K.L.:
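Right, I'll just put the structure down here and ask away after.
Source: prediction; values computed, not measured. Numbered from 1 within each chain, the chains take letters A, B, ... in sequence-line order.
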There are 2 protein chains.
Amino acid sequence: MLLSKSCIYGMRAALYLASSSNNKYISIKQISNDLDISPHFLTKILQELTRVDLLESQKGPTGGVRLKRAGDEVTLVEIVAAIDGMDLLTECALGLPGCGTAKPCPLHEQWADTRDEIKKMLQDTTLSDLVRKGKEGNLRITADGSFDWLPKEN
Amino acid sequence: MLLSKSCIYGMRAALYLASSSNNKYISIKQISNDLDISPHFLTKILQELTRVDLLESQKGPTGGVRLKRAGDEVTLVEIVAAIDGMDLLTECALGLPGCGTAKPCPLHEQWADTRDEIKKMLQDTTLSDLVRKGKEGNLRITADGSFDWLPKEN
DNA sequence: CATATTTAAGACCATCTTGTCTTAATTATA
DNA sequence: TATAATTAAGACAAGATGGTCTTAAATATG
């Protein structure tokens, strides 16, 4: 698997938040309901994103979480880095420590190129990019496609 | 992590076997010694590769495992498919079942391209390709670089 | 044929990831 | 101020992966 489940859930939730126009606090319970993710588990994941300042949170009634920066200023690589770490984008495909141009493994060259493609994709894609695409095509971010991208207009 | 440890170990062992010119049976114990991999664990992994006919094995003294086909006819994707399965190369990056051109997720387009790059890399790289590179540059397939690519000449 | 060596098979345990639950702290609001 | 709602924190359970060990089956060789 490329990304852990935690990371995937984090990305889906970030997309959810980025699709909200007014950027008000939204409760994790609502997010977990709409995205069909276990609420406690999602809470733990979003706490991590709050800790690294991708989200901000507020407790109590009317509390919840929201993006700390605008969606067009948050790229996927930041979410991946926060949850899965940068290992995928830096480590050797054969698992050899210190593998690099100076001390490569036989697969290093090929994998370095491929790895850079992944990195570029994650760096070049913002939350807003995906929200735009999602709203235009009414695409799904849940298994059953129940998420509605509301509100549709900004 | 892109590939599981089992898969990485399987690839390293396959490289080891492909680097042997005469393709005689080599005991798993010797491989595990030279590559510094737990012998029992490696045995289990190589059994899997034997099961899918990438390797063939013989029991008893002078027994061991060897490549069933020539190294230039075995690509990395076969090893990955045998051990980790094809999930990495077919599944949605957001984990949505049935994600594809017909019913995409917002990230589908980008990820499909990137995924194809990974696939192409694994499909285009043969064991012999890596052995050649390894012998030419005396590159390592162990953490400490102790593997010697013997014999150097074929 | 007896023995030693090797793979095959699977039980078993450790560690990591995934997921659940409980309690505490915070805060809006009646 | 009391209450209810919410995040924060962390203990705990379940499941997957990584790794060890034991026993059985096969086989080369003395």
Side-chain angles (χ1 to χ4, degrees), chain A residues 1-13 17 24-68 80 82-85 87-88 91 94-95 143, chain B residues 1-13 16-17 24-68 80 82-85 87-88 91 95 143:
Chain A
M1 201 174 356
L2 187 80
L3 303 173
S4 70
K5 282 213 163 191
S6 297
C7 192
I8 286 174
Y9 292 161
M11 281 181 43
R12 303 230 296 255
L17 291 170
K24 283 206 169 145
Y25 287 115
I26 300 178
S27 80
I28 298 177
K29 183 188 274 185
Q30 183 187 332
I31 304 174
S32 69
N33 274 336
D34 289 350
L35 297 186
D36 198 32
I37 300 172
S38 148
H40 284 109
F41 191 33
L42 185 60
T43 298
K44 210 157 46 167
I45 296 165
L46 297 190
Q47 274 174 22
E48 186 60 36
L49 294 183
T50 303
R51 213 169 290 133
V52 300
D53 275 338
L54 282 170
L55 304 184
E56 53 190 354
S57 65
Q58 196 188 42
K59 293 176 185 174
T62 77
V65 295
R66 67 181 179 196
L67 288 182
K68 194 150 189 181
V80 172
I83 298 177
D84 279 353
D87 284 3
L88 172 69
E91 271 191 351
L94 292 183
Chain B
M1 200 173 0
L2 187 80
L3 304 173
S4 70
K5 282 215 163 190
S6 296
C7 191
I8 287 174
Y9 291 162
M11 281 181 43
R12 302 231 296 254
Y16 182 103
L17 291 170
K24 283 206 168 145
Y25 286 114
I26 300 177
S27 79
I28 298 177
K29 183 188 275 188
Q30 183 186 331
I31 304 175
S32 70
N33 274 336
D34 289 351
L35 297 186
D36 198 32
I37 300 172
S38 148
H40 285 110
F41 191 33
L42 185 59
T43 298
K44 208 157 49 167
I45 296 165
L46 297 189
Q47 275 174 21
E48 187 60 37
L49 294 183
T50 303
R51 216 169 288 134
V52 300
D53 276 336
L54 282 170
L55 305 184
E56 54 191 352
S57 66
Q58 196 189 43
K59 294 176 184 173
T62 78
V65 294
R66 67 182 180 195
L67 287 181
K68 194 150 189 180
V80 172
I83 298 177
D84 280 352
D87 284 3
L88 173 69
E91 272 190 350

K.L.:
Taking CD1 from A:I45 and P from C:dG19, how many angstroms apart are they, rounded to a whole number?
P.N.:
8 Å
K.L.:
Quick one: list whatever passes side chain to side chain contact (heavy atoms under 4.5 Å, CB included) with A:T43, sequence neighbours left out.
P.N.:
A:I28, A:Q47
K.L.:
Listing time: all N or O pairs from protein to nucleotides 27-29 of chain C that are below 3.5 Å?
P.N.:
from	atom 1	to	atom 2	distance (Å)
C:dA28	OP1	A:Q58	NE2	3.1
C:dA28	O4'	A:P61	O	3.4

K.L.:
Would you mind reading off the distance between A:I26 atom CD1 and D:dT7 atom C1', rounded to a whole angstrom?
P.N.:
15 Å
K.L.:
Could you list the residues that satisfy side chain to side chain contact (heavy atoms under 4.5 Å, CB included) with B:I45, not counting sequence neighbours?
P.N.:
B:S6, B:Y9, B:F41, B:I83
K.L.:
Holding to side-chain hydrogen bond (donor to acceptor under 3.5 Å, both in side chains), I want the full list of residues that pass it with A:Q58, two or more places apart in sequence or in another chain.
P.N.:
none
K.L.:
If I take atom NZ in residue A:K68 and atom P in nucleotide D:dT7, what distance separates them, rounded to the nearest angstrom?
P.N.:
16 Å
K.L.:
Which residues in residues 28-42 of chain A have at least one heavy atom lying under 4.0 Å from any atom of DNA chain D?
P.N.:
A:I28
K.L.:
Just N and O in the side chain of A:S57: are any of them under 4.0 Å from OP1 or OP2 of D:dT6?
P.N.:
no
K.L.:
With distance as the sole criterion, do the side chain of B:K44 and the base of D:dG19 form a donor-acceptor contact below 3.5 Å?
P.N.:
yes
K.L.:
Going by the side-chain hydrogen bond (donor to acceptor under 3.5 Å, both in side chains) test, which pairs reach into residues 28-38 of chain A, not counting sequence neighbours?
P.N.:
A:Y16-A:Q30, A:Y16-A:D34
K.L.:
Report yes if at least one side-chain N or O of A:Y9 is closer than 4.0 Å to OP1 or OP2 of C:dT18; otherwise report no.
P.N.:
no
K.L.:
Judged by atom type as modelled, is there a donor-acceptor pair below 3.5 Å linking the side chain of B:D84 to the main-chain atoms of B:L3?
P.N.:
no
K.L.:
Please report, rounded to the nearest Å, how far the C1' atom of D:dT6 is from the NZ atom of A:K24.
P.N.:
17 Å
K.L.:
Please name the pair of heavy atoms, one in B:G95 and one in A:I8, separated by the smallest distance, quoted to 0.1 Å.
P.N.:
N-CD1, 4.0 Å
K.L.:
Roughly how many Å is it from CE in B:M1 to C1' in C:dC16, rounded to a whole number?
P.N.:
10 Å
K.L.:
Under the salt bridge (charged side-chain N to carboxylate O under 4.0 Å, His left out) rule, what pairs show up with a residue in residues 1-11 of chain A, not counting sequence neighbours?
P.N.:
none
K.L.:
Mind checking side chain to side chain contact (heavy atoms under 4.5 Å, CB included) for A:K68 and listing every partner two or more places apart, or none if nothing turns up?
P.N.:
A:D53, A:E56
K.L.:
If I take atom CD in residue A:Q47 and atom C1' in nucleotide C:dC21, what distance separates them, rounded to the nearest angstrom?
P.N.:
14 Å
K.L.:
Please report, rounded to the nearest Å, how far the C1' atom of C:dT17 is from the CD1 atom of A:I8.
P.N.:
13 Å
K.L.:
Using whole Å, report how far CD of B:E56 lies from C1' of C:dA8.
P.N.:
16 Å
K.L.:
Of all the heavy-atom pairs spanning B:L49 and B:A82, show the shortest one and how long it is.
P.N.:
CD2-CB, 3.9 Å
